[in-house]
2 protein chains.
Amino acid sequence: MKTKKTTIHDIAKELNITASTVSRALNNNPRISEATKKAVLGMAKDLNYQPNNLAAALRKGKSQLIGIIVPTINRSFFSSVIRGVEEVANKLNYRVIVSQSNEDVDNEIVTLNALLNARVDGILVSIGKNMDRFEHYQELIKKGIPLVLFDRTTNEISTSQVIIDDYLGGFQATQHLIKQGCRKIVHFTNVNQVNIYKERYRGYREALKEYDIPFDESLVYKSNMQLADGRECAEKLLASKTAFDAIFSASDYAVVGAMQVLKENKIKVPDDVALVGFSNEPFTSFTDPALTTVSQFPIEMGQAAAESFFEILNSKKKKFIPQKTVLQPELIIRASSLKLDK
Amino acid sequence: MKTKKTTIHDIAKELNITASTVSRALNNNPRISEATKKAVLGMAKDLNYQPNNLAAALRKGKSQLIGIIVPTINRSFFSSVIRGVEEVANKLNYRVIVSQSNEDVDNEIVTLNALLNARVDGILVSIGKNMDRFEHYQELIKKGIPLVLFDRTTNEISTSQVIIDDYLGGFQATQHLIKQGCRKIVHFTNVNQVNIYKERYRGYREALKEYDIPFDESLVYKSNMQLADGRECAEKLLASKTAFDAIFSASDYAVVGAMQVLKENKIKVPDDVALVGFSNEPFTSFTDPALTTVSQFPIEMGQAAAESFFEILNSKKKKFIPQKTVLQPELIIRASSLKLDK
DNA sequence: AAATTTAATGCAATCGATTGCATATTATAA
DNA sequence: TTATAATATGCAATCGATTGCATTAAATTT
């Protein structure tokens with residue numbers, strides 16, 4: 001029952017040639033005659049040969065494996081990125097090993113080492129929220145192991161990145177609200193001012209400026225941006241009696257929390273208050289009213305990250321200059337912000 | 001710059017011992033003295049040694065890699081399963097390679113072979129929707145490669161499975177509606193009667209029976225269960241003028257579509273029509289009213305699948321009797337079905 | 001003190017594929 | 001016909017860790 005697996009040596013023996021020839025034939029090496037190639041391929045099929053990538057990987061020093069580290073796998077955004085990576089990688093005969101950091105640096109380091117031990121040919125990573133140590137990544141660069149950062153990045157690490165233009169997303173979202181006639185636009189942002197939130201915030205301010213709307217710091221609410229946080233912010237907002245006619249939230253979750261509170265207080269969305277979120281989480285099209293939000297094209301981001309990785313890989317000889325790929329976000333307009341043209 | 005990676009031979013040379021001793025020391029083999037172990041560990045750290053799993057895998061014939069195949073990675077249910085698998089696997093020092101079949105048999109076969117070439121120690125798979133060929137999996141069993149099916153399974157393959165009790169889920173959902181006073185309960189099910197839908201349907205019928213409610217075939221709507229299908233079914237339903245006071249849908253998507261149509265027709269949820277979905281998709285808590293649904297515990301399913309895999313792996317010697325793990329679903333009661341006790 | 005265990009380490013083959021450097025064979029040129 | 005080039009294949013080392021089977025040295029028994 002436990003039949004020994006066929007190797008190139010078995011094929012070689014059957015055909016009275018050597019393993020080297022078989023190896024070359026399988027790799028379509030021009031030094032091998034067409035006749036032998038055909039014979040080898042035929043025998044390989046007959047013997048149900050399955051190449052052992054481990055052996056090849058060991059010898060060649062490349063495993064055809066890519067490691068990807070995300071904070072959590074089961075978040076729509078990240079799983080979509082993974083999907084994108086997988087698509088590109090598989091086409092080029094690479095496999096993808098996934099792992100999660102759970103937003104914890106120590107965990108991230110352990111995970112990273114495990115991937116290195118598995119001898120992945122490179123790493124794609126979206127850095128966790130409160131990460132402040134990057135030596136383990138800088139170490140990678142030194143070792144010459146391809147590294148690509150996506151979405152949550154940092155300039156502390158000199159390597160290729162794929163991000164979306166969060167500034168533009170923030171600008172477009174705010175501009176859209178302004179065009180809908182809103183003037184007192186609240187902004188929900190993250191207490192933790194990592195790049196992406198900083199940029200969305202910047203886009204918000206810039207849009208206000210462009211339309212000559214004075215910026216009012218008291219309209220900016222910082223939180224952890226989960227649903228409950230959104231509720232809390234909305235409650236504080238209402239309690240403060242501040243007038244406002246829109247909320248642009250840098251997170252879909254937070255804005256849904258706010259939507260709930262507004263509804264509970266009989267405030268009409270979008271008529272009294274227009275809402276715009278960020279990320280185009282799948283649930284945004286299911287709320288009532290459906291949420292206007294900004295798509296980050298996660299699958300495309302994954303594809304771009306994978307492509308970035310292969311670029312580094314293929315230019316290994318020369319010094320590679322880190323590339324920054326910036327994807328364009330897209331404002332997805334739904335009912336929650338449509339005051340006009342209904 | 002391109003510093004050669006340290007191997008056990010480097011450590012051995014430094015300490016004037018052999019690689020075998022180093023290997024044994026690193027593996028905490030009792031035949032090695034504490035003193036040498038300490039020395040080896042110290043030197044390993046000094047030289048920044050990172051074990052090469054490929055080499056070990058080649059020699060030992062096991063890669064510490066698990067392959068997982070799902071129809072699509074970026075679906076909440078599947079990515080959560082992957083998360084569960086990853087958690088269990090990582091603790092045992094295994095890595096997870098993900099890949100998707102995109103609901104296509106040929107693709108599935110290609111993918112499976114790629115995983116085998118990568119020499120994964122086993123495969124976890126959720127079979128695609130319209131899959132009718134299973135030889136490639138039966139082949140696996142013959143070769144003695146551990147295989148675990150989860151969620152979408154088939155009895156054509158004699159191996160361990162992890163599923164939830166869909167029958168019970170269907171029963172509980174229906175029972176809940178009955179207890180809320182509903183008597184004319186519509187059921188949305190899949191045209192494609194794979195196991196899971198068949199079972200949910202069976203649970204529905206059995207609950208009716210138990211409460212002496214006559215089964216009415218005209219209340220059963222078959223579709224592809226996407227949002228648009230749900231809308232369509234609801235429209236047909238309304239057009240038919242059939243009286244009904246609840247919908248139990250075997251899919252969350254379809255029931256949200258129905259909810260939209262009901263609202264558009266000023267039919268009150270849950271007062272006029274109570275709604276229950278299935279799967280506990282993340283968006284179900286964001287609809288208005290929030291959806292009552294059935295949780296399938298995807299993370300737990302992933303964990304169970306991984307554990308099942310390790311059981312097969314560890315009992316390799318003797319003949320392993322396939323295990324069927326049946327997880328209990330849980331009815332998550334939210335506003336969409338609550339007519340009473342509000 | 002000789003014989004026998006026990007403990008600690010070394011030797012060398014092995015896992016399966018790849019590849020630089022021969023070698024053998026045939027075809028072409030001189 | 002001999003020298004030269006081109007073609008096809010073989011030899012053997014290599015990638016890095018593991019492991020069955022010695023071997024050596026120290027400890028214990030008789």
Side-chain angles (χ1 to χ4, degrees), chain A residues 2-41 43-44 47-65 93 114 116-121 143, chain B residues 2-41 43-44 47-65 93 114 116-121 143:
Chain A
K2 251 280 175 84
T3 41
K4 213 76 179 73
K5 286 192 184 106
T6 18
T7 71
I8 52 172
H9 293 96
D10 301 324
I11 300 179
K13 202 170 292 169
E14 287 293 323
L15 296 173
N16 266 318
I17 53 179
T18 60
S20 350
T21 305
V22 174
S23 171
R24 292 192 175 105
L26 291 171
N27 288 305
N28 201 26
N29 188 311
R31 297 193 328 193
I32 302 298
S33 70
E34 288 307 318
T36 6
K37 277 182 189 170
K38 190 165 284 179
V40 167
L41 254 21
M43 186 57 69
L47 297 181
N48 196 18
Y49 169 71
Q50 286 211 301
N52 186 331
N53 285 0
L54 293 176
L58 176 59
R59 173 64 224 241
K60 294 199 290 190
K62 46 211 290 322
S63 62
Q64 309 269 114
L65 295 173
N93 210 25
L116 292 179
N117 293 351
R119 285 302 191 266
V120 293
D121 290 338
K143 288 190 196 152
Chain B
K2 250 274 173 90
T3 41
K4 214 72 182 79
K5 287 196 182 103
T6 24
T7 71
I8 53 172
H9 293 97
D10 301 324
I11 300 178
K13 202 170 291 169
E14 286 295 322
L15 296 173
N16 265 319
I17 54 180
T18 59
S20 351
T21 305
V22 175
S23 171
R24 293 193 175 103
L26 291 172
N27 288 305
N28 202 24
N29 187 313
R31 296 192 331 192
I32 302 298
S33 70
E34 289 307 319
T36 11
K37 277 183 190 170
K38 189 165 285 177
V40 167
L41 255 20
M43 186 56 69
L47 298 181
N48 196 20
Y49 170 71
Q50 286 209 302
N52 186 331
N53 285 358
L54 294 177
L58 176 60
R59 172 64 223 239
K60 293 198 291 190
K62 44 209 292 322
S63 61
Q64 309 270 112
L65 296 173
N93 211 25
L116 292 178
N117 293 351
R119 286 301 192 266
V120 295
D121 290 339
K143 287 191 197 151

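Only a predicted model underlies this, so the values are computations on that prediction, with no experimental measurement involved. Residue numbering restarts at 1 for every chain, and letters A, B, ... go by the order of the sequence lines.
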Would you indicate what B:S33 reaches in the nucleic acid, counting non-hydrogen atoms under 4.0 angstrom: base, sugar-phosphate, or nothing? sugar-phosphate

Which residues pass the side chain to side chain contact (heavy atoms under 4.5 Å, CB included) test with B:L54, not counting sequence neighbours?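 For B:L54 the side chain to side chain contact (heavy atoms under 4.5 Å, CB included) partners, ignoring immediate neighbours, are A:L54, A:A57, A:S63, A:R119, B:N52.
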
By side-chain hydrogen bond (donor to acceptor under 3.5 Å, both in side chains), B:K38 pairs with (sequence neighbours left out) none

Those residues of residues 52-60 of chain A lying under 4.0 Å from DNA chain C by at least one heavy atom: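 Those residues are A:N52, A:A55, A:A56, A:R59, A:K60.
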
Out of the candidates B:T6, B:I11, B:V22, only one should pair with B:M43 under the side chain to side chain contact (heavy atoms under 4.5 Å, CB included) rule; please name it.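 Among B:T6, B:I11, B:V22, the one that satisfies the side chain to side chain contact (heavy atoms under 4.5 Å, CB included) with B:M43 is B:I11.
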
Which residues satisfy the side-chain hydrogen bond (donor to acceptor under 3.5 Å, both in side chains) test with B:K13, sequence neighbours excluded?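 By the side-chain hydrogen bond (donor to acceptor under 3.5 Å, both in side chains) rule, B:K13 matches no residue at all.
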
Global bending angle along the helix from C:dA1-D:dT30 to C:dA30-D:dT1, which compares the axes of five pairs at either end, to 10 degrees: 50°

The criterion is side chain to side chain contact (heavy atoms under 4.5 Å, CB included); which residues satisfy it with B:A39, sequence neighbours excluded? B:L15

Walk along DNA chain D from 5' to 3' and tell me the first and last nucleotide with an atom closer than 4.0 Å to a non-hydrogen atom of chain A. D:dA8 to D:dG16

Among residues 6-16 of chain B, which contact DNA chain D at a heavy-atom distance under 4.0 Å?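 Only B:T7, B:I8, B:H9 qualify.
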
Quick one: side-chain hydrogen bond (donor to acceptor under 3.5 Å, both in side chains) partners of A:Q50, sequence neighbours excluded?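 For A:Q50, the residues satisfying side-chain hydrogen bond (donor to acceptor under 3.5 Å, both in side chains) (neighbours in sequence not counted) are B:N113.
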
Hey, could you give me each pair passing side-chain hydrogen bond (donor to acceptor under 3.5 Å, both in side chains) that has a residue in residues 24-34 of chain B? Not counting sequence neighbours.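 Qualifying pairs: B:N28-B:K37, B:S33-B:T36.
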
Taking side chain as C-beta onward, heavy atoms only, is A:K143 less than 4.5 Å from B:N48? yes

Under the side chain to side chain contact (heavy atoms under 4.5 Å, CB included) test, residues paired with B:T21 that sit two or more places apart: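 In terms of side chain to side chain contact (heavy atoms under 4.5 Å, CB included), with neighbours along the sequence ignored, B:T21 is linked to B:I17, B:T18, B:I32.
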
Return the set of residues passing side chain to side chain contact (heavy atoms under 4.5 Å, CB included) with A:A19 (not counting sequence neighbours), or none when no residue passes. A:I8, A:H9

Of B:Y49 and A:T21, whose closest DNA chain D nucleotide lies nearer the 5' terminus?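 Closer to the 5' end of DNA chain D: A:T21.
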
